[in-house]
Engineer: 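Attaching a single structure in structure tokens format; questions to follow.
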Amino acid sequence: MASRTDYLLALDQGTSSSRSIVFDRGGRIVAMAQRELPQIYPQPGWVEHDPMEIWRGQLATARDALAKAGLQATDVRAIGITNQRETTVLWHRRTGQPVHHAIVWQDRRAEPLCAELRARGMQDVIQRKTGLVIDAYFSATKLRWLLDEVPGLRAQAEAGDLAFGTVDSWLIWQLTGGRVHATDVTNASRTMLFDVHRNAWDDELLAALDIPVALLPQVQPSSSLFGETDAALLGGALPIGGVAGDQQAALFGQACFNAGMAKNTYGTGCFLLMHTGERFQPSSNGLVVTSAAQLASPFAGPDNASRGIEIQNGLAGAAAQYAMEGSVFVGGAVVQWLRDGLQAIKGSAEVQALAESVPDAGGVMMVPAFTGLGAPYWHAEARGTITGLTRGTTVAHIARAALESIAYQSAALLAAMSLDVEAAGGTPVAELRVDGGACVNDLLMQFQADLLGIPVVRPAVVETTALGAAFLAGLSSGVYAGTDELSALWKAERRFLPTLSRTQAEAAMQRWEHAVRQATAD
């Protein structure tokens, strides 16, 4: 068998697309392939995906990326997987076929069940064990909805015929031909069923939500051997050596390995994470605590996969790592709304030029609460508003207000995070590392720095979600010796320094909070 080189293949399955990226040992992109993922909207507030479309698109991009790179399977050391989190898939163990569309993280259909859990006084125990708040955003109530509302599924689940997973588990199952039903600690921590202190599924929460334990995948460290792919899929069997939910993968790809380091991802939503090390730090300001990527001992080498090495059993030997997180439901999606809803622009790339055609938003404030407001507000019934309109308002002012709304929401998250850090005697965030599609927008990044009053740093490789998955796979497969080596690979492309005075920034945030109150008024 030919020895493998140090190339790593990252599968990046997101909300709006499936991508695969080949990285070299230096963390540089060698080739990339992407396919859009169709969105399904059965009714207002519901969002679904076809799981088979997720699988077909992801496999196709993996093949395309390897072909573009001119590589064979034997050239690749390991595969890393990163995925849209919380999105819930349920499938037959025997056939591997989904029993329903995937229910996407944005979907709000389970809010009545969440209200019931709050009324039962479950908030404290859920927050204490999982670090999360009760919200339809997380996987547990989506899974419960499927069991309650789709005829026959509960009986099949209780008989052990069905498997539940987030998108990473679905891809692992398909890649391994149904041999492996597993997830990693970061994805497990987003289900509302996982005790992040014990690193284990929690019996009390499973009972409270009436979810059979037989549905659940095995939980492993984020950097560990999950199994190997069927050789027929990519031209050879490849070890799956790293798995993490997209935001924890981005935190890892940004080399935020130490407490106090933070990143913000500007994707469909915005996700601000600050590493807190081994400290579980509950939030008093509307944020959640989540598991950061965890490492395990490396397997001895790539040839072990071909010899049938046993999958590492659970989380033994992995040091618990945590992050504080705030999630904005509508970030870059507001630009898609300008394009598809208002038809104010023909392509997303046009928004910066349109917004820059006016010196400011002209008093216009937009709160894009299209699916409610996430952290730190957690207002499920809020709806989008545009205020401050005058006869002089143009579409350019609305475009600028839309862009600025992304920065305002992220600034509100960091302000809440800072209050929690200060209360715990921690060190404030000194700089914010940024990634995601919208981070290439210079106007948005400068406005973000102005609001925050700290540098906003864009890395040389902005595909940090996929890079984090590659780094995790590279650690477990021996490409990298440790996180110090990864820190040395991370490079900044541009630093945006604040130009507004703190008085001006605080006044702007007061206007934002006033707009939020209008959007959430009964």
Engineer: For the CG atom of Asp184 and the CG atom of Asn83, what is their distance to the nearest 0.5 Å?
Structural biologist: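 Asp184 CG to Asn83 CG: 7.5 Å, rounded to 0.5 Å.
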
Engineer: Is there a donor-acceptor contact under 3.5 Å linking the side chains of Thr61 and Gln58?
Structural biologist: yes

Engineer: Before you tell me yes or no, could you show the steps for Gln248 and Ser291 under side chain to side chain donor-acceptor pair (under 3.5 Å), namely the whole-Å CA-CA distance, both residues' side-chain angles and the distance that decides it to 0.1 Å?
Structural biologist: CA-CA 8 Å; Gln248 289 97 327; Ser291 293; over 6 Å; no

Engineer: Would you call Glu111 and Arg118 a salt bridge, using N to O less than 4.0 angstrom?
Structural biologist: yes

Engineer: Would the distance check show the side chain of Lys129 and the main-chain N or O of Val196 forming a donor-acceptor pair, the cut-off being under 3.5 Å?
Structural biologist: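 Flag not set: sc Lys129 to bb Val196 has no pair under 3.5 Å.
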
Engineer: Does the distance from a Lys or Arg side-chain N to an Asp or Glu carboxylate O, for Glu404 and Arg400, drop under 4.0 Å?
Structural biologist: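 Looking at Glu404 and Arg400, the cut-off is met.
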
Engineer: Is there a side-chain contact between Phe496 and Gln448 in this structure, where contact means two heavy atoms from C-beta onward sitting under 4.5 Å apart?
Structural biologist: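 A side-chain contact is absent here, since even the closest heavy-atom pair is not under 4.5 Å.
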
Engineer: How about Phe271 and Tyr266: are their ring centroids closer than 6.0 Å?
Structural biologist: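 No, ring centres 6.0 Å or more apart.
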
Engineer: Short question: side chain of Arg144, backbone of Leu209 - any donor-acceptor pair under 3.5 Å?
Structural biologist: yes

Engineer: Pairing donors with acceptors under 3.5 angstrom, does anything connect the side chains of Glu36 and Ser16?
Structural biologist: no

Engineer: Show the nearest heavy-atom pair for residues Trp512 and Ala412, with the distance to one decimal.
Structural biologist: NE1-CB, 4.3 Å

Engineer: Taking atom CE of Met192 and atom CG of Leu143, what is their separation to the nearest 0.5 Å?
Structural biologist: 10.5 Å

Engineer: Which of these passes side chain to side chain contact (heavy atoms under 4.5 Å, CB included) with Leu467: Leu8, Leu472, Val461, Asp435?
Structural biologist: Val461

Engineer: Stepwise, does the side-chain contact (heavy atoms from CB on, under 4.5 Å) test hold for Asp135 with Arg108?
Structural biologist: CA-CA 9 Å; Asp135 194 84; Arg108 305 304 297 173; 2.8 Å; yes

Engineer: Check the side chains of Tyr377 and Gln409 for a donor-acceptor pair under 3.5 angstrom, ignoring hydrogens and angles.
Structural biologist: no

Engineer: Testing the basics here: between Leu489 and Gly26, what is the closest heavy-atom pair and its distance to 0.1 Å?
Structural biologist: CD2-O, 3.9 Å

Engineer: Output yes when a side-chain donor or acceptor of Thr88 lies under 3.5 Å from a complementary backbone atom of Glu86, and no otherwise.
Structural biologist: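 Side chain of Thr88 to backbone of Glu86: a pair is present.
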
Engineer: Any chance you could lay out the side chain to side chain donor-acceptor pair (under 3.5 Å) test for Asp12 and Thr82, step after step, and finish with the verdict?
Structural biologist: CA-CA 5 Å; Asp12 182 359; Thr82 184; 4.9 Å; no

Engineer: Is Arg190 close enough and on-axis enough to Trp105, meaning under 6.0 Å and within 45°, for cation-pi?
Structural biologist: no

Engineer: Please confirm whether the backbone N or O of Gly277 pairs with a side-chain atom of His275, one donor and one acceptor, at under 3.5 Å?
Structural biologist: yes

Engineer: Taking the side chain from Lys68 and the backbone from Val22, do they hold a donor-acceptor pair closer than 3.5 Å?
Structural biologist: no

Engineer: Measuring from atom CG of Leu413 to atom CD of Glu325, what distance do you get when rounded to the nearest 0.5 angstrom?
Structural biologist: 9.0 Å

Engineer: Got a donor-acceptor contact below 3.5 angstrom from the His49 side chain to the Thr15 backbone?
Structural biologist: yes

Engineer: Run the side-chain contact (heavy atoms from CB on, under 4.5 Å) test on Thr268 and Gln84 for me, step by step, so that the C-alpha distance in whole Å, both residues' side-chain angles and the decisive distance to 0.1 Å come before the verdict.
Structural biologist: CA-CA 10 Å; Thr268 303; Gln84 53 169 313; over 6 Å; no

Engineer: Determine the minimum heavy-atom distance between Thr520 and Ala382, stating which atoms define it.
Structural biologist: CG2-CB, 3.8 Å

Engineer: Under the criterion ring-ring contact (aromatic ring centres under 6.0 Å, His included), I'd like the reasoning laid out for Tyr408 against Phe447: C-alpha separation, chi angles, the key distance, then a yes or no.
Structural biologist: CA-CA 9 Å; Tyr408 277 123; Phe447 189 63; 5.3 Å; yes

Engineer: Is any side-chain heavy atom of Gln510 less than 4.5 Å from a side-chain heavy atom of His514?
Structural biologist: no

Engineer: What about the rings of Trp55 and Trp173, do their centers lie closer together than 6.0 Å?
Structural biologist: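 Ring-ring flag for Trp55/Trp173: false, centres at least 6.0 Å apart.
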
Engineer: So how far is it from Ile406 CD1 to Leu444 CG, rounded to the nearest 0.5 Å?
Structural biologist: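 Output value for this atom pair is 5.5 Å.
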
Engineer: Quick one: does any side-chain atom of Arg19 pair with a main-chain N or O of Arg35 as donor and acceptor, under 3.5 Å?
Structural biologist: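 Not at all, since once roles are kept as given, no pair shorter than 3.5 Å links the two residues.
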
Engineer: With side chain to side chain donor-acceptor pair (under 3.5 Å) as the test, would you mind laying out the steps for Asp420 and Ser283 before giving the verdict?
Structural biologist: CA-CA 6 Å; Asp420 285 323; Ser283 174; 2.5 Å; yes

Engineer: Between Val104 and Ile40, is a side-chain contact (heavy atoms from CB on, under 4.5 Å) present by the stated rule, with each step listed?
Structural biologist: CA-CA 10 Å; Val104 178; Ile40 302 167; over 6 Å; no

Engineer: Does CD belonging to Glu422 count more than 12 external heavy atoms closer than 6.0 Å?
Structural biologist: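 No, not enclosed.
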
Engineer: Using the rule given for side-chain contact (heavy atoms from CB on, under 4.5 Å), can you reason through Leu193 versus Ser139, listing the C-alpha separation, both sets of side-chain angles and the distance that settles it, and then say yes or no?
Structural biologist: CA-CA 8 Å; Leu193 298 170; Ser139 308; over 6 Å; no

Engineer: Within this structure, what is the CD-CD distance for the pair Gln294 and Glu278, rounded to the nearest 0.5 Å?
Structural biologist: 9.5 Å

Engineer: Under 3.5 Å, is there a donor-acceptor pair between the side chain of Asp450 and the main chain of Thr499?
Structural biologist: yes

Engineer: Let me see the working for Ser18 and Gln13 under side chain to side chain donor-acceptor pair (under 3.5 Å), right down to the final yes or no.
Structural biologist: CA-CA 4 Å; Ser18 297; Gln13 205 298 301; 3.1 Å; yes

Engineer: Kindly determine whether Phe370 and Trp337 satisfy ring-ring contact (aromatic ring centres under 6.0 Å, His included), including the steps that lead there.
Structural biologist: CA-CA 10 Å; Phe370 302 146; Trp337 176 74; 5.3 Å; yes

Engineer: How long is the span from the CG atom in Leu432 to the CZ atom in Arg495, to the nearest 0.5 Å?
Structural biologist: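 Here the rounded value is 11.0 Å.
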
Engineer: Keeping Lys263 on the side-chain end and Leu273 on the backbone end, is there a donor-acceptor pair under 3.5 Å?
Structural biologist: no

Engineer: When you measure from the side chain of Gln34 to the backbone of Ser20, do you find a donor-acceptor pair of N or O atoms at a distance under 3.5 Å?
Structural biologist: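 Side chain of Gln34 to backbone of Ser20: no pair is present.
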
Engineer: Looking at Arg458 and Asp442, does any basic side-chain N land under 4.0 Å from a carboxylate oxygen?
Structural biologist: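 Judged by the 4.0 Å cut-off on N to carboxylate O distance, Arg458 and Asp442 do form a salt bridge.
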
Engineer: Any chance you could lay out the ring-ring contact (aromatic ring centres under 6.0 Å, His included) test for Phe252 and Phe257, step after step, and finish with the verdict?
Structural biologist: CA-CA 7 Å; Phe252 204 82; Phe257 305 133; 4.8 Å; yes

Engineer: Identify the two heavy atoms, one from Ala249 and one from Ala469, that lie closest to each other, and give their separation to 0.1 Å.
Structural biologist: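 So the two residues come closest at CB-N, 4.3 Å.
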
Engineer: I need the minimum non-hydrogen distance between Ser410 and Leu272, along with the two atoms involved.
Structural biologist: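 The answer is O-CD2, 4.0 Å.
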
Engineer: Begin from the C-alpha positions of Trp91 and Trp170 and carry the test ring-ring contact (aromatic ring centres under 6.0 Å, His included) through to its verdict.
Structural biologist: CA-CA 9 Å; Trp91 66 93; Trp170 170 243; 5.2 Å; yes

Engineer: Could you go through the salt bridge (Lys or Arg N to Asp or Glu O under 4.0 Å) check for Arg85 and Asp246 one step at a time?
Structural biologist: CA-CA 7 Å; Arg85 302 174 306 170; Asp246 52 11; 3.4 Å; yes

Engineer: Taking all heavy atoms of Val334 and all of Val330, pick out the closest pair and write down the distance.
Structural biologist: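 It is N-CG1, 3.7 Å.
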
